[in-house]
Amino acid sequence: MKYWLMKSEPDDISIDDLRDSPNHTMAWQGIRNYQARNFIRDDITHGDQVLFYHSSCKVPGVVGIATVVSQPTLDESAFDPQSRYFDPKSEPDKPRWWQVDIQFTAKLNQIVSLQQLKSDPALQDMVLVTKGARLSVQPVSADEFAHIVMLGQ
DNA sequence: GCCAACGTTGGC
DNA sequence: GCCAACGTTGGC
(Lines give C-alpha, C1' and ligand atoms only; values in the text may rest on other atoms or scores of the structure.)
Protein backbone atom coordinates (compact mmCIF):
# COMPACT_ATOMS: atom_id res chain seq x y z
CA MET A 1 0.00 0.00 0.00
CA LYS A 2 1.21 3.50 -0.81
CA TYR A 3 0.55 6.86 0.77
CA TRP A 4 -0.17 10.20 -0.83
CA LEU A 5 -0.95 13.78 -0.04
CA MET A 6 -3.59 15.54 -2.11
CA LYS A 7 -4.19 19.26 -2.00
CA SER A 8 -7.51 20.97 -2.34
CA GLU A 9 -8.69 24.48 -1.80
CA PRO A 10 -11.44 24.17 0.81
CA ASP A 11 -13.39 27.02 -0.81
CA ASP A 12 -13.56 24.70 -3.79
CA ILE A 13 -13.65 21.18 -2.35
CA SER A 14 -13.16 20.65 1.37
CA ILE A 15 -12.86 17.49 3.43
CA ASP A 16 -16.48 18.07 4.48
CA ASP A 17 -17.53 18.18 0.83
CA LEU A 18 -15.87 14.82 0.34
CA ARG A 19 -17.54 13.39 3.45
CA ASP A 20 -20.93 14.67 2.32
CA SER A 21 -20.65 13.32 -1.23
CA PRO A 22 -22.64 10.26 -2.33
CA ASN A 23 -20.88 7.20 -0.89
CA HIS A 24 -18.45 9.72 0.61
CA THR A 25 -16.69 9.42 -2.73
CA MET A 26 -15.54 11.87 -5.38
CA ALA A 27 -13.80 11.56 -8.70
CA TRP A 28 -10.55 13.46 -8.22
CA GLN A 29 -10.63 15.38 -11.48
CA GLY A 30 -8.83 18.39 -12.78
CA ILE A 31 -5.21 17.41 -12.15
CA ARG A 32 -3.45 19.42 -14.84
CA ASN A 33 0.17 18.99 -13.93
CA TYR A 34 2.26 16.32 -15.60
CA GLN A 35 4.18 15.19 -12.56
CA ALA A 36 0.99 14.82 -10.55
CA ARG A 37 -0.61 13.13 -13.55
CA ASN A 38 2.20 10.60 -13.70
CA PHE A 39 1.68 9.68 -10.07
CA ILE A 40 -2.04 9.21 -10.70
CA ARG A 41 -1.65 7.28 -13.92
CA ASP A 42 1.36 5.15 -13.03
CA ASP A 43 1.63 4.71 -9.29
CA ILE A 44 -1.66 5.12 -7.46
CA THR A 45 -3.68 1.99 -6.91
CA HIS A 46 -6.94 1.01 -5.31
CA GLY A 47 -6.57 0.98 -1.52
CA ASP A 48 -3.83 3.57 -1.25
CA GLN A 49 -4.19 6.01 1.64
CA VAL A 50 -4.43 9.78 1.19
CA LEU A 51 -3.72 12.73 3.44
CA PHE A 52 -6.28 15.38 2.54
CA TYR A 53 -4.63 18.80 2.60
CA HIS A 54 -6.32 22.20 2.58
CA SER A 55 -4.37 24.84 0.66
CA SER A 56 -4.88 28.53 -0.08
CA CYS A 57 -6.83 29.09 3.09
CA LYS A 58 -6.47 30.63 6.51
CA VAL A 59 -4.66 27.68 8.08
CA PRO A 60 -3.20 25.41 5.41
CA GLY A 61 -2.61 21.84 6.58
CA VAL A 62 -3.67 18.22 6.67
CA VAL A 63 -7.28 17.89 7.76
CA GLY A 64 -8.25 14.30 7.07
CA ILE A 65 -7.69 10.89 5.57
CA ALA A 66 -9.13 9.44 2.40
CA THR A 67 -8.79 6.16 0.55
CA VAL A 68 -8.27 5.57 -3.15
CA VAL A 69 -11.24 3.47 -4.27
CA SER A 70 -10.64 3.05 -7.97
CA GLN A 71 -7.90 2.27 -10.39
CA PRO A 72 -6.73 5.25 -12.45
CA THR A 73 -9.17 6.18 -15.21
CA LEU A 74 -9.31 8.82 -17.91
CA ASP A 75 -10.26 12.28 -16.73
CA GLU A 76 -13.23 12.85 -19.00
CA SER A 77 -13.65 16.42 -17.83
CA ALA A 78 -10.74 17.33 -20.08
CA PHE A 79 -12.92 16.51 -23.10
CA ASP A 80 -15.91 18.58 -21.98
CA PRO A 81 -15.96 22.18 -23.25
CA GLN A 82 -18.48 22.99 -20.51
CA SER A 83 -16.14 21.83 -17.78
CA ARG A 84 -13.89 24.17 -15.89
CA TYR A 85 -11.21 21.54 -16.39
CA PHE A 86 -11.62 21.44 -20.17
CA ASP A 87 -8.34 20.98 -22.00
CA PRO A 88 -8.67 21.21 -25.79
CA LYS A 89 -5.30 19.55 -26.16
CA SER A 90 -6.45 16.37 -24.49
CA GLU A 91 -8.24 14.41 -27.19
CA PRO A 92 -10.16 11.20 -26.58
CA ASP A 93 -7.85 9.21 -28.84
CA LYS A 94 -4.83 10.80 -27.22
CA PRO A 95 -5.83 11.41 -23.62
CA ARG A 96 -3.61 13.50 -21.48
CA TRP A 97 -5.18 13.52 -18.00
CA TRP A 98 -6.13 10.85 -15.48
CA GLN A 99 -8.12 10.61 -12.28
CA VAL A 100 -8.95 8.28 -9.40
CA ASP A 101 -11.91 8.10 -7.06
CA ILE A 102 -11.23 8.88 -3.44
CA GLN A 103 -13.44 8.10 -0.48
CA PHE A 104 -13.65 9.91 2.83
CA THR A 105 -12.15 7.89 5.67
CA ALA A 106 -11.86 10.25 8.62
CA LYS A 107 -11.28 13.79 9.71
CA LEU A 108 -8.36 14.43 11.99
CA ASN A 109 -9.43 15.64 15.43
CA GLN A 110 -7.22 18.62 14.86
CA ILE A 111 -5.63 20.08 11.77
CA VAL A 112 -1.94 19.40 11.33
CA SER A 113 -0.92 22.78 10.02
CA LEU A 114 1.73 23.51 7.44
CA GLN A 115 3.58 25.38 10.14
CA GLN A 116 3.63 22.23 12.27
CA LEU A 117 4.72 20.08 9.35
CA LYS A 118 7.57 22.45 8.56
CA SER A 119 8.85 22.59 12.10
CA ASP A 120 8.68 18.86 12.84
CA PRO A 121 12.09 17.16 12.60
CA ALA A 122 10.43 13.88 11.62
CA LEU A 123 8.94 15.47 8.53
CA GLN A 124 11.85 17.35 7.03
CA ASP A 125 11.97 15.02 4.02
CA MET A 126 8.33 15.49 3.08
CA VAL A 127 7.84 16.63 -0.49
CA LEU A 128 5.45 19.24 0.86
CA VAL A 129 8.11 21.04 2.88
CA THR A 130 10.90 20.81 0.31
CA LYS A 131 11.57 23.01 -2.71
CA GLY A 132 8.66 24.47 -4.63
CA ALA A 133 6.16 22.07 -3.10
CA ARG A 134 3.58 22.91 -5.71
CA LEU A 135 2.63 19.35 -6.53
CA SER A 136 -1.05 18.80 -5.88
CA VAL A 137 -0.56 15.04 -5.70
CA GLN A 138 2.58 13.86 -3.99
CA PRO A 139 3.97 10.72 -2.38
CA VAL A 140 4.23 10.41 1.39
CA SER A 141 6.19 7.74 3.25
CA ALA A 142 4.50 5.27 5.58
CA ASP A 143 6.33 6.83 8.51
CA GLU A 144 5.31 10.35 7.55
CA PHE A 145 1.72 9.24 7.12
CA ALA A 146 1.61 7.56 10.54
CA HIS A 147 3.32 10.51 12.18
CA ILE A 148 0.89 13.05 10.78
CA VAL A 149 -2.12 10.93 11.73
CA MET A 150 -0.71 10.74 15.25
CA LEU A 151 -0.27 14.50 15.37
CA GLY A 152 -3.87 14.93 14.32
CA GLN A 153 -5.29 12.84 17.15
C1' DG B 1 -3.63 41.16 -3.10
C1' DC B 2 1.33 40.44 -3.49
C1' DC B 3 4.86 37.96 -5.30
C1' DA B 4 8.33 34.12 -5.37
C1' DA B 5 8.82 29.86 -7.29
C1' DC B 6 7.74 26.94 -10.47
C1' DG B 7 5.54 25.06 -14.91
C1' DT B 8 4.14 25.63 -19.76
C1' DT B 9 4.14 27.63 -24.28
C1' DG B 10 5.85 28.88 -28.50
C1' DG B 11 9.02 31.57 -31.51
C1' DC B 12 13.34 31.06 -33.23
C1' DG C 1 16.37 22.52 -27.91
C1' DC C 2 16.84 27.18 -25.86
C1' DC C 3 14.76 30.54 -23.36
C1' DA C 4 11.74 34.65 -22.81
C1' DA C 5 7.19 35.48 -21.84
C1' DC C 6 3.42 34.19 -19.70
C1' DG C 7 0.35 31.54 -16.43
C1' DT C 8 -0.42 29.18 -12.00
C1' DT C 9 0.22 27.91 -7.29
C1' DG C 10 -0.11 28.89 -2.78
C1' DG C 11 1.91 30.94 1.49
C1' DC C 12 1.90 35.15 3.59
Side-chain angles (χ1 to χ4, degrees), chain A residues 2-21 26-44 48-68 72-141 143-145 147-153:
Chain A
K2 293 184 296 297
Y3 301 90
W4 306 92
L5 182 146
M6 292 188 186
K7 295 180 184 174
S8 185
E9 300 187 18
D11 288 346
D12 183 14
I13 298 170
S14 72
I15 186 76
D16 290 341
D17 294 329
L18 178 63
R19 181 196 57 204
D20 297 341
S21 295
M26 292 186 67
W28 209 243
Q29 297 184 313
I31 302 295
R32 297 292 179 267
N33 168 284
Y34 288 105
Q35 223 180 329
R37 185 281 309 271
N38 291 345
F39 284 132
I40 294 216
R41 187 189 58 188
D42 305 333
D43 296 321
I44 292 188
D48 284 357
Q49 296 293 107
V50 175
L51 295 173
F52 198 98
Y53 178 91
H54 281 175
S55 68
S56 294
C57 55
K58 200 166 179 184
V59 183
V62 176
V63 293
I65 302 168
T67 304
V68 176
T73 58
L74 290 185
D75 184 344
E76 306 276 347
S77 69
F79 309 138
D80 177 6
Q82 304 304 315
S83 170
R84 54 187 291 209
Y85 301 128
F86 177 58
D87 179 0
K89 291 176 181 171
S90 182
E91 296 167 34
D93 58 340
K94 222 179 173 184
R96 184 178 283 201
W97 306 116
W98 294 72
Q99 68 182 51
V100 287
D101 292 343
I102 63 170
Q103 182 174 48
F104 174 84
T105 302
K107 277 175 86 165
L108 298 181
N109 289 326
Q110 51 193 1
I111 184 171
V112 181
S113 69
L114 178 62
Q115 197 179 16
Q116 251 179 299
L117 299 173
K118 280 180 171 172
S119 61
D120 193 319
L123 301 174
Q124 290 317 293
D125 292 333
M126 275 193 83
V127 176
L128 189 76
V129 304
T130 59
K131 47 181 179 181
R134 285 174 50 181
L135 266 181
S136 59
V137 176
Q138 53 181 258
V140 173
S141 77
D143 286 347
E144 289 162 352
F145 186 92
H147 190 73
I148 291 168
V149 170
M150 185 261 295
L151 291 175
Q153 281 173 352

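Note: hydrogens, waters and symmetry copies are ignored here, and every other heavy atom, side chains too, is used. Predicted model, so just to flag it, every value in this text is computed and none were measured.
- Positionally, the nearest nucleotide of DNA chain B for Q35(A) lies more toward the 5' end than for the other of K89(A) and Q35(A).
- Phosphate contact (OP1/OP2 of dG11(C), side-chain N/O of Y53(A), threshold under 4.0 Å): present.
- Neither OP1 nor OP2 of dC12(C) sits under 4.0 Å from any side-chain N or O of K58(A).
- Here R37(A) does not pair with D42(A) in a salt bridge; the nearest charged N to carboxylate O distance is not below 4.0 Å.
- Between R84(A) and D12(A), at least one side-chain N (NZ, or NE/NH1/NH2) sits under 4.0 Å from a carboxylate O, which counts as a salt bridge.
- Following rounding to the nearest Å, H54(A) (NE2) and dG10(C) (P) show an atom-to-atom distance of 13 Å.
- For the atom pair NZ of K2(A) and CD of Q49(A), the computed distance is 12.0 Å after rounding to the nearest 0.5 Å.
- Rounded to an integer number of Å, the gap from CG of L135(A) to C1' of dG10(C) is 13 Å.
- For W98(A) and F39(A), the ring centers sit 6.0 Å or farther from each other.
- Atom P of nucleotide dG1(B) and atom CG of D11(A) are separated by 14 Å, given to the nearest angstrom.
- At a cut-off of 3.5 Å, with distance as the only test, no side-chain donor of D16(A) or S14(A) sits close to an acceptor on the other residue.
- K118(A) places its NZ atom 12 Å from the P atom of dG10(C), with the value rounded to the nearest Å.
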Between protein and nucleic acid, restricted to nucleotides 5-8 of chain C and to nitrogen or oxygen atoms under 3.5 Å apart, what atom pairs and distances do you find?
{"residue": "dT8(C)", "atom": "O2", "partner": "R134(A)", "partner atom": "NH2", "Å": "2.8"}

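- For Y53(A) and W4(A), the distance between ring centers is not under 6.0 angstrom.
- Distances shorter than 4.0 Å separate none of the side-chain N or O atoms of K7(A) from OP1 or OP2 on dT9(C).
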